[in-house]
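The next block holds one structure in the form of structure tokens; read it before the comments.
Residue numbers start at 1 and run along the sequence shown. First listed ligand is number 1; within each ligand, the first listed atom is number 1.
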Amino acid sequence: MSGDEKIILVTGGSGLVGRAIQTIVSEDSRANEKWIFISSKDANLCDKKSTEAVFARYKPTHVIHLAAMVGGLFHNMSHNLDFLRNNLLMNDNVLQTAHENNVHKVVSCLSTCIFPDKTTYPIDETMIHNGPPHPSNYGYSYAKRLIDIANRGYAQQHGRLYTSVIPCNVFGPYDNFHPSESHVVPGFMRKLHDLIADGNTEDKVFTVLGSGKPLRQFIYSLDLAKLFLWVLREYDSVDPIILSVDESQELKISEVAETLVKAFDFKGKIAFDSSAADGQYKKTASNAKLRSYLPDFQFTPFHQAIKETVEWYQENYDQARN
Ligand code: NAP
Ligand code: GDP
């Protein structure tokens, strides 16, 4: 293998973000890059031996580490310990096995969900460890925050370039549409799809959990995948970087519901179940650092990305993660 050839192992390669990276790589392939996408069928990354075996098999020079226990607000609230333990194990196994195998660069994935609950806005990359996360998802948050701590340790002790990115809420094809596990966008798609399956009539009620008032930034998985490729190829710092749409693109959950209602041409009514949790009111993140590198990056407009995802879901409902 010549000096600039890369073997890139993508953990979590079968998930929402992994499948989007597969799509973008197929459109933007480079002769010196060999990509390998793995799922839990190839290795249980909670297990060190299984992790070692998959690294021994593929001998990666670079790793994009996406594998994680991932879920929406309600799944996090009921499984904080599982989110903590599974993610701690996977992250430690992947980073340490990468180091033992002399992997040059690892790009891991944090989330804007892990920032402090009580904070000033907009949130930026320097604020990850500034206070406790929102109590709804402390397990996921502390496990993810420790990736950044570990990356600094691998740099300090071993000179490694192990870094991380911080996406806002992601959606797109191959998402998890399971009713109790999903994030809000796939959760809404599943509900609307099922509601109109036996007729799109005015008496149907689409229930949004919580008040509909919380604010979120959403990135289309295919846009995020393009940014992941840029980070892998060009971004050479251990410090994390937020990968998010602009602050001006932040939406109320009620606006997300309305966009989905239009995309499904739903004829019924929207109701808000205010007895259900809202989670963190907002997590407004600044993408100024990203913009300083890529000032002209074009994000797919939200309604367009939603339309494409709804079309994908309707065509692939039987194979989707429901
Ligand atoms: P996802 O669709 O749920 O995919 C999770 C992936 O992890 C799957 O490929 C799954 O494999 C794999 N995995 C889970 N447990 C594993 C284990 N024990 N061993 C090996 N592989 C395992 O997740 P995603 O939404 O693409 O998330 C990708 C990354 O982005 C995660 O690190 C997540 O924290 C981060 N992120 C996501 C969002 C979001 O809104 N979705 C926002 C910010 C950050 P199987 O398919 O075989 O189960
Ligand atoms: P979060 O961004 O980590 O809070 O994760 P989610 O994507 O799960 O939730 C975002 C917001 O959508 C929260 O304020 C929820 O209360 C709200 N929401 C409304 N209806 C639903 C639903 O059916 N599923 C989910 N997951 N969230 C919902």
Geometric class of the F83/H79 ring pair [parallel <30°, tilted 30-60°, perpendicular >60°] |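 Judged by the thresholds at 30° and 60°, the geometry between H79 and F83 is perpendicular.
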Name the orientation class of the two ring planes belonging to W312 and Y174 (parallel below 30°, tilted from 30 to 60°, perpendicular beyond 60°).
->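 It falls in the tilted class, 30° to 60°.
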[X]: numbered ligand 1 atoms lying under 4.0 Å from its heavy atoms:
| X | value |
| --- | --- |
| A43 | 19 (N), 20 (C) |
| G12 | 6 (C), 7 (O), 8 (C), 9 (O), 12 (C) |
| S39 | 47 (O) |
| N44 | 17 (C), 18 (N), 19 (N) |
| C46 | 18 (N) |
| L110 | 43 (C), 44 (C) |
| R321 | 1 (P), 2 (O), 3 (O) |
| V17 | 26 (O), 28 (C) |

Looking at [X] versus [Y], is the centre-to-centre ring distance below 6.0 Å?
| X | Y | value |
| --- | --- | --- |
| F171 | F302 | yes |
| H193 | Y317 | yes |
| Y235 | Y293 | yes |

Nearest-neighbour protein heavy atom for [atom], which is reported as residue plus atom name and distance:
| atom | result |
| --- | --- |
| atom 19 (N) of ligand 1 | L45 N, 3.0 Å |
| atom 5 (C) of ligand 1 | A68 O, 3.8 Å |
| atom 30 (O) of ligand 1 | C109 SG, 3.2 Å |

Is [X] near ligand 1, meaning one of its heavy atoms is under 4.0 Å from it?
| X | value |
| --- | --- |
| R19 | no |
| C168 | yes |
| N176 | no |
| Y140 | yes |
| M69 | no |

Should [X] and [Y] count as an ion pair when the cut-off is N to O under 4.0 Å?
| X | Y | answer |
| --- | --- | --- |
| K267 | D265 | yes |
| D296 | R291 | no |
| K282 | E247 | no |

Heteroatom proximity flag, [X] to ligand 1, N/O under 3.5 Å:
| X | value |
| --- | --- |
| Y174 | no |
| N169 | no |
| V170 | yes |

Take atom NZ of K307 as the centre, draw a 6.0 Å sphere, and report whether it contains more than 12 heavy atoms from other residues, nucleotides or ligands.
->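 Counting other residues, nucleotides and ligands, NZ of K307 stays at 12 neighbours or fewer.
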Do other residues, nucleotides or ligands put more than 12 heavy atoms under 6.0 Å from the CD atom of Q156?
->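 Count not over threshold, so no.
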Tell me the nearest of [options] to [atom], using heavy-atom distances.
| atom | options | result |
| --- | --- | --- |
| atom 43 (C) of ligand 1 | A143, S111, S108 | S111 |
| atom 10 (C) of ligand 1 | S14, A67, G15 | S14 |
| atom 15 (N) of ligand 1 | M90, K144, H183 | M90 |
| atom 29 (C) of ligand 1 | L66, N86, V94, D47 | L66 |

Under the ring-ring contact (aromatic ring centres under 6.0 Å, His included) rule, what do Y313 and F177 come out as? Steps first, then yes or no, please.
-> CA-CA 9 Å; Y313 189 47; F177 298 86; 3.9 Å; yes
Nearest-0.5 Å distance that lies between atom CZ in R30 and atom CD in E33 =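 Nearest 0.5 Å value for the CZ-CD distance: 6.0 Å.
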When rounded to the nearest 0.5 angstrom, what distance separates CD1 in I114 from CE in M127?
->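 Separation between the atoms: 12.5 Å.
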Within reach of ligand 1, part of [X] (heavy-atom separation under 4.0 Å):
| X | result |
| --- | --- |
| H65 | neither |
| V70 | side chain |
| E181 | neither |

Do S286 and D124 meet the criterion of a side-chain donor-acceptor pair at a distance under 3.5 Å?
->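 No.
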Does any donor atom in the side chain of R145 or H129 lie under 3.5 Å from an acceptor atom in the other side chain?
->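 No.
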Evaluation steps, side-chain hydrogen bond (donor to acceptor under 3.5 Å, both in side chains), between T11 and H65 = CA-CA 5 Å; T11 72; H65 174 39; 2.8 Å; yes
Verify, without hydrogens or angle tests, whether N80 (side chain) and N76 (backbone) share a donor-acceptor contact under 3.5 angstrom.
->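 Yes.
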N/O to N/O under 3.5 Å, ligand 2 against protein:
residue, atom, partner, partner atom, Å
ligand 2, 2 (O), N169, ND2, 3.1
ligand 2, 2 (O), R216, NE, 2.8
ligand 2, 2 (O), K283, NZ, 3.3
ligand 2, 3 (O), K283, NZ, 3.1
ligand 2, 4 (O), R216, NH2, 2.9
ligand 2, 7 (O), V184, N, 2.9
ligand 2, 8 (O), L73, N, 2.8
ligand 2, 14 (O), D278, O, 2.6
ligand 2, 16 (O), A277, O, 2.7
ligand 2, 20 (N), L209, N, 3.0
ligand 2, 23 (O), K191, NZ, 2.9
ligand 2, 26 (N), S182, O, 2.9

